[in-house]
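Notes follow once the structure below has been shown.
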Amino acid sequence: MNAIEVRQLTRAFAKKGGGQISAVDAVSLDVAQGTVCGLLGPDGAGKSTLLKLLVGHLRPTSGSATVLGQSVAHLDSALWSRLGYVSQQHYLPAWMTAAECLRYARAFRPQWDEGKVRRLVERLELPLDVRIRNLTHGHYVRLQIVLALAHNPELILLDEPTSGLDPGGRHELLAMLIEEMAPDSGRTVVFSSHLVEDIERMADSVAIMDAGRVVTSGLLDTVKGSRSRVEFSSPIPEADLSALPGLISFKRATTVNVAVTSEPDHALQYLRSHGAADASVVSASLEQVFFDYVNRRQE
Amino acid sequence: MIRAIISKEWHQHRSRYLFYWIAVHAPMLILCLVIAFSTGARTPFADLSDALTMKYLPLSLIETLLVTTIFLLLTAYLAVATFGPEVDDRSLFFFYEQPVSRKLYLSTKLAYGACHVVLANSSAILLMPVAVYMMMLISGKVTSAGSAAAFGLVMAAAGRAAIWCTLISLAGFSLSALLSALVPRWWLAAICAIVLMLVLIPNVAEYVNYLPDIAGDSMSIGMNVSTNNTQWITISRPVTNAELAAFAPWRVGPLFSLILLSAACAASTAFLYSRKQL
């Protein structure tokens, strides 16, 4: 069963000079219940817009999506008791203290876990008596995370939670999130980031977004396996290379040539038959796959 | 849930609401202070007696004029300040992220603000004659037995005027709240709301006119405030019972229009704010 189902979802904004630009362009995506899905993409890829559409903070231009069985076009406010959301934007009420903010949110959620809140506040060293406007970015994010986790929601949407954090803070936050999202919790998590390392550490499945579109999605290993790097040092004429089976991109480095292909076995065979006896398949990292998808569009 | 929203509203806007309450009660407070500390200010009461209660006591109804003119501008500002800043700093979306319907949240906000407007204005209008009457009684020149009827008439007029004025204020409040949903920056919306009130006050005054028709030359009120002056306020003659009874009469059309306008603006405000996007 899917916690999130997105079908041809589009959100267009008016451009300054006239016309429209699609921040999310005909996106289709399924997120299975109880999994951690990483939304990976460069800045401006449409990850935040997609998450805002899923929580009802934006209305779609076209297409449809359901979150925990509810259509985002008619989102019931009661859904927020099953949902936790960490936004990249700062919009917690600046005039409240962190404690007041938590108290306010608690008033609406009978399932609020005060013990968990105390534990998280202590672990994240969150200052409760400081006004939100005076919180550092790190503390602000931590408060958002406490708010998102306090009521043990079924679905958590995290929009670049580690963005802007120092390496120590990022590491600690990710470790905490991984603990909270233990596989046996049955919780579904959608985690957006432009940091491949974060996605690789947390996600079971990944959707790579670029220019408002989901360019590929699936289980982490499947996505990684969709691209293979074939490395060889022997010089091969350009004309022969263009016929390499499944060729996606080719880069000539000083000592080694790298061909990215979707058919590694055939490519290997082909290269060897064309004189590249040292050709070998190297499994691609998610980062390489990500850059391949993103760079291909830019080219 | 509603209690949490109200408590949050109070914490968020308490200084604004406190200022509003003090401002609308300021005429009464100033009057009490001036009379308490300045002998010159007490001069108009020099000829005070049971028979002349009706000469001075109706002056306390001046508060109704203030509520529907100067303080209406303050009401407009209050309405915009209740809603606008939450959109400007986007904190509205944090409140939308609670499992309570957007419409309920917005209705509670509107109702809470409207309650302050209604209570502050009606209390200012009703307390003014009470305060003035108390001062008259304390002076010893007026007896409760001899002036009770006049006080009753003035209070009845103040009661009717309180309904008129609170409905006018409510319409101003909800109209300004609606404006705050339409104008992008809250400070800009506040300026627009105040300008709108300035335009509406003279133009709508004819329609919602609740003042009695008193021939201009039959009564005059003069004011000359100075320390050397012996009489700060001069009134040519007392208000007649008939004139007081004609003050703020029940006129279904304008009263109903004000209720309708308030309800329509409040509903539109809630609708527009509930459609806001991040």
Side-chain angles (χ1 to χ4, degrees), chain A residues 11 13 23 48-49 51-61 68 70 72 74-97 99-112 131-133 140 143-144 147-148 150-151 153 157 159, chain B residues 1-19 78 80-113 180-181 184-187 190 270-278:
Chain A
R11 171 64 203 213
F13 292 100
S48 299
T49 307
L51 292 182
K52 280 187 211 171
L53 286 164
L54 293 178
V55 298
H57 283 339
L58 281 176
R59 282 189 297 279
T61 308
L68 299 174
Q70 273 194 42
V72 293
H74 314 284
L75 222 52
D76 183 0
S77 56
L79 186 76
W80 282 105
S81 58
R82 301 166 64 195
L83 188 70
Y85 174 55
V86 172
S87 169
Q88 203 185 357
Q89 279 179 288
H90 284 208
Y91 56 76
L92 294 179
W95 55 272
M96 279 186 182
T97 63
E100 285 168 347
C101 191
L102 288 168
R103 217 169 18 244
Y104 182 80
R106 184 179 61 187
F108 297 92
R109 294 175 170 91
Q111 71 274 43
W112 186 269
R131 291 214 182 279
I132 290 171
R133 71 165 65 92
Y140 188 94
L143 174 59
Q144 280 191 305
L147 282 164
H151 53 292
L157 304 172
D159 189 6
Chain B
M1 283 182 186
I2 291 176
R3 224 170 74 180
I5 299 171
I6 289 173
S7 161
K8 174 240 133 189
E9 281 298 296
W10 167 245
H11 275 92
Q12 188 179 8
H13 300 297
R14 59 180 183 257
S15 54
R16 288 189 183 110
Y17 284 122
L18 221 54
F19 174 74
L78 189 74
V80 175
T82 300
F83 284 91
E86 278 186 12
V87 176
D88 280 15
D89 69 6
R90 293 173 298 203
S91 60
L92 185 68
F93 292 94
F94 166 72
F95 301 116
Y96 284 172
E97 285 177 9
Q98 311 312 316
V100 60
S101 83
R102 289 182 175 197
K103 293 238 167 79
L104 179 65
Y105 171 72
L106 294 163
S107 310
T108 309
K109 259 179 97 73
L110 267 168
Y112 181 74
S180 76
R185 292 275 170 272
W186 86 268
W187 55 268
F271 174 75
L272 287 175
Y273 271 110
S274 71
R275 303 275 297 167
K276 291 267 179 208
Q277 299 184 78
L278 183 62

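We name chains A, B, ... by the order of the sequence lines, and we start the count at 1 in each one.
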* Structure fact -> Whatever's closer than 4.5 Å to a heavy atom in chain A on B:Gln12 counts as both
* Asked: Got B:Phe94 and A:Cys101 here, is their nearest side-chain heavy-atom distance under 4.5 Å?
  -> yes
* Structure fact -> Pair count under 4.5 Å, heavy atoms only, with chain A: among B:Met1, B:His11, B:Gln98, highest is B:Gln98
* **Step-by-step side chain to side chain contact (heavy atoms under 4.5 Å, CB included) determination, A:Lys52 to B:Gln277** => CA-CA 9 Å; A:Lys52 280 187 211 171; B:Gln277 299 184 78; over 6 Å; no
* To do: Measure across B:Phe95 and A:Met96 and return the closest heavy-atom pair with its distance rounded to 0.1 Å.
  => CE2-CE, 4.0 Å
* Derivation of the side chain to side chain contact (heavy atoms under 4.5 Å, CB included) call for B:Tyr105 and A:Ser77 -> CA-CA 11 Å; B:Tyr105 171 72; A:Ser77 56; over 6 Å; no
* To do: Side chain from CB out, backbone as N, CA, C, O: work out which of these in B:Arg3 comes under 4.5 Å of a heavy atom of chain A, or both, or neither.
  => neither
* chain A heavy atoms under 4.5 Å from B:Ile5: which part of the residue, side chain, backbone, both or neither? -> both
* Which of B:Ala4, B:Ser91, B:Pro99 touches chain A most, by non-hydrogen pairs under 4.5 Å -> B:Pro99
* **Which atom of B:Val100 lies closest to which atom of A:Phe108, heavy atoms considered** => CG1-CE2, 3.7 Å
* So which part of A:Ala105 gets closer than 4.5 Å to some heavy atom of chain B, the side chain, the backbone, both or neither? -> both
* Answer yes or no: does atom CZ of A:Phe13 have more than 12 heavy-atom neighbours from other residues, nucleotides or ligands under 6.0 Å? => yes
* Asked: Of the backbone (N, CA, C, O) and the side chain (C-beta and beyond), which part of A:His151 lies under 4.5 Å from a heavy atom of chain B, both, or neither?
  -> neither
* Asked: Is the count of non-hydrogen atoms from other residues, nucleotides or ligands lying under 6.0 Å from A:Arg59 atom CZ greater than 12?
  -> yes
* Asked: Given that the side chain runs from C-beta out, which part of A:Leu147 has a heavy atom under 4.5 Å from chain B: side chain, backbone, both or neither?
  -> side chain
* Asked: Which heavy atom in B:Leu278 sits nearest to a heavy atom in A:Leu58, and how many Å separate them?
  -> O-CD2, 3.4 Å
* Structure fact -> From the list B:Arg90, B:Lys276, B:Glu97, side chain to side chain donor-acceptor pair (under 3.5 Å) with A:His57 holds only for B:Glu97
